Protein chains: 2
Amino acid sequence: MDKPDSPAHFSPLGRDGLVDRVANLLGEAIIRGKLKPGSRLSESVIARDLGVSRAPVREAARLLESSGLVDYQPNRGFFVRKISARELDDLYELRIVIEVSAALRVVREAPDAALETLDDQIGELRRVSSDEVDMLTQMEADMEFHRRMIAASGNPRFSAIFDQLAKETELCVMVIGRLYGDPQWIADTHVPILDALRARDETATRSAIEYHIGEARRLVTQQFRLLEE
Amino acid sequence: MDKPDSPAHFSPLGRDGLVDRVANLLGEAIIRGKLKPGSRLSESVIARDLGVSRAPVREAARLLESSGLVDYQPNRGFFVRKISARELDDLYELRIVIEVSAALRVVREAPDAALETLDDQIGELRRVSSDEVDMLTQMEADMEFHRRMIAASGNPRFSAIFDQLAKETELCVMVIGRLYGDPQWIADTHVPILDALRARDETATRSAIEYHIGEARRLVTQQFRLLEE
DNA sequence: CTGATGTCGACTGTCGACAATTTCTTGACA
DNA sequence: TGTCAAGAAATTGTCGACAGTCGACATCAG
């Protein structure tokens, strides 16, 4: 039945929406660090492990490429993206730009109801802010706050870009191996953002976000540089 | 510097694979309006026409999808993207955010030399600003100015996002069928931007760009709404 | 020992065929 | 005449195969 000689980290699949499922599996494996940056994604090996043909694997890989997790080199194949410290820094710069802009739109236009879901998410953040909880879970909760805030801006384009940036951010943080700050600090530093949004205070919103992301940027890129030779 | 001992070296032999060639062809056809928004991109038909198999066509289509020109519906296939007036408006909002941010970085950090290429491009813009010149050419010249400005910011991420937004913008403008303003006006309105950049004046830069793109946004979305049922 | 050249294996690029799904057609029936 | 269901046609989804390309290693001249 199974091929016992496959060092597969994957389980076989059914028959519907293959491409998306393969993409999700691979994406998960990359984010979780099972596949390390720079390592090769062999179409044939993955296809064999998953019990599908190369075609859907290939399409999934191209999907992941467009979401920034995978790097494609013509005639060589797909590799887990290896993000440089410089790229990471550029990424954070863009996050600041996007999130500040989106937040300002929230300040100006979003109904109060939309802010409630942010409050909930801060609760969720506190709930998982403990050293016992999986680091990925904590990071997802963090990202979810930002995701909701940006969604509240009402421009799906901001959300689309953020989703991509978030995935790459996660990839980098997981490479570092630990969160970029004290778990509790992460939860706390979201509060001023929500407060500023509620007060409809543009200046406070801008500085709260610039501080929050700026600190993360500082911490993460610093750690990240240590891992580069 | 150069290697003088290489008597005759050859051009890199542009031999990109089928996928890229197909993608370029299709992209061109879409931008030029040969394929109208909403129309189906049949894999088999395109493959037969181009004398290739469906595989590279499919991959090319997915590439175009990730660059926003094509819309993919599972089990139904690929269609030329039909952008709504609302999406177009959101798109312009993002362009303002990106371009203002990039320009501010240019103001703060870019060397004067980088601004020269912008001057050249304004010359090019004037050169093609005539009713005799192909409308697509004019638009490309316009976009090229913005592209160079953003490239001067030094953050490739801004450029990547802009490239995508630019393609979609072109698609919309070509749908309208004529430029969004007097050709000469388009050239003129770039001058204040360059002036502000040269003067390293953040406020002037911001307002010049907000005005320029804001006007385009107003004109294009207005025209675009007329075409919607 | 060093650097260039030949060979080999593994992988990607592309293809044609078949299965699954959607869409179109048609005709029965109220 | 309009509706709907069943079958036909067309299109996408997936597959296995083969050819083209790349990188590594062995081989050989200097």
Side-chain angles (χ1 to χ4, degrees), chain A residues 1-3 5-26 29 35-36 38-66 69-82, chain B residues 3 5-26 29 35-36 38-66 69-82:
Chain A
M1 275 241 167
D2 273 9
K3 301 188 124 199
D5 51 346
S6 255
H9 335 71
F10 310 108
S11 45
L13 324 157
R15 251 317 104 88
D16 186 66
L18 270 186
V19 172
D20 290 313
R21 259 190 280 179
V22 173
N24 286 338
L25 275 180
L26 289 180
L35 298 168
K36 300 209 170 49
S39 64
R40 183 185 213 122
L41 294 182
S42 164
E43 297 175 14
S44 1
V45 172
I46 295 172
R48 202 164 27 236
D49 287 352
L50 267 48
V52 300
S53 86
R54 274 175 51 212
V57 173
R58 200 178 162 79
E59 287 199 32
R62 284 214 113 117
L63 234 48
L64 293 177
E65 186 206 7
S66 72
L69 292 182
V70 156
D71 188 33
Y72 170 65
Q73 298 176 246
N75 283 319
R76 302 232 322 126
F78 299 91
F79 300 82
V80 179
R81 172 117 177 265
K82 197 174 197 169
Chain B
K3 300 220 223 162
D5 49 346
S6 206
H9 50 307
F10 308 91
S11 53
L13 188 49
R15 178 184 44 86
D16 31 16
L18 274 184
V19 173
D20 291 303
R21 259 185 288 175
V22 174
N24 286 337
L25 276 180
L26 288 180
L35 296 168
K36 299 209 169 50
S39 64
R40 183 185 213 120
L41 293 182
S42 166
E43 298 175 13
S44 356
V45 172
I46 296 171
R48 200 165 30 229
D49 287 353
L50 295 177
V52 300
S53 86
R54 276 174 50 215
V57 174
R58 201 177 160 79
E59 285 200 35
R62 284 215 114 116
L63 275 186
L64 294 177
E65 187 206 6
S66 71
L69 291 182
V70 155
D71 189 33
Y72 169 66
Q73 299 175 246
N75 285 320
R76 303 228 16 230
F78 297 91
F79 300 82
V80 179
R81 172 118 178 265
K82 196 174 197 170

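Within every chain, numbering begins at 1; the chains are lettered A, B, ... in the order of the sequence lines, protein sequences first and strands thereafter. Note that the coordinates shown come from a computational prediction; the quantities given were computed from them, not determined experimentally.
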### Query
OP1, OP2 of D:dT14 versus side-chain N and O of A:Ser53: anything below 4.0 Å?
no
### Task
Mind calculating the distance between CZ (A:Arg48) and P (D:dT14) to the nearest angstrom?
19 Å
### Query
Among A:Leu26, A:Val19, A:Leu25, which one satisfies side-chain contact (heavy atoms from CB on, under 4.5 Å) with A:Val22?
A:Leu26
#### Entry: Distance, rounded to the nearest Å, where A:Arg58 contributes CZ and D:dG16 contributes P
17 Å
## Note on the structure
Only one of A:Val57, A:Val70, A:Leu69 passes side-chain contact (heavy atoms from CB on, under 4.5 Å) with A:Phe78, and that residue is A:Val70
### Query
Does the B:Arg40 side chain pair with the main chain of B:Arg76, one donor and one acceptor, at a distance under 3.5 Å?
yes
### Task
Grab the CG-C1' distance between B:Leu18 and C:dT14 for me, whole Å please.
7 Å
### Query
Say you draw a straight line from CD of B:Glu43 to OG of B:Ser53; how long is it, rounded to the nearest 0.5 Å?
10.0 Å
### Query
Whole Å only: how far is the CD atom of A:Gln73 from the P atom of C:dC11?
15 Å
### Query
OP1 or OP2 of C:dT12 less than 4.0 angstrom from a side-chain nitrogen or oxygen of A:Ser44, does that happen here?
yes
### Euclidean distance, atom CZ of residue B:Phe79 to atom C1' of C:dT22 [Å, nearest integer]
10 Å
#### Entry: Rounded distance (Å) that lies between atom P of D:dG13 and atom CG of A:Leu63
13 Å
### Message
Just to be sure I understand the rule, does A:Phe78 reach a base, reach only the sugar-phosphate, or reach nothing, if contact means heavy atoms closer than 4.0 Å?
### Response
nothing
### Message
On DNA chain C, does the nearest nucleotide to A:Glu43 precede the nearest nucleotide to B:Arg40 from the 5' side, or the other way round? Give the residue.
### Response
A:Glu43
## Note on the structure
Closest to the 5' end of DNA chain D, once A:Arg54 and A:Pro74 are matched to their nearest nucleotides, is A:Arg54
### Message
Heavy atoms from C-beta onward define the side chain here; which of C:dT12, D:dG13, C:dT14 lies closest to that of A:Tyr72?
### Response
C:dT12
### Message
I want to verify a distance call: between D:dC15, D:dG13, C:dT14, whose nearest atom is closest to the A:Val52 side chain?
### Response
D:dC15
### Task
Determine whether any donor atom in the side chain of A:Arg76 lies under 3.5 Å from an acceptor atom in the base of C:dG13, or the reverse, and answer yes or no.
no
### Query
Which heavy atom in B:Ser66 sits nearest to a heavy atom in A:Ser66, and how many Å separate them?
CB-CB, 3.7 Å
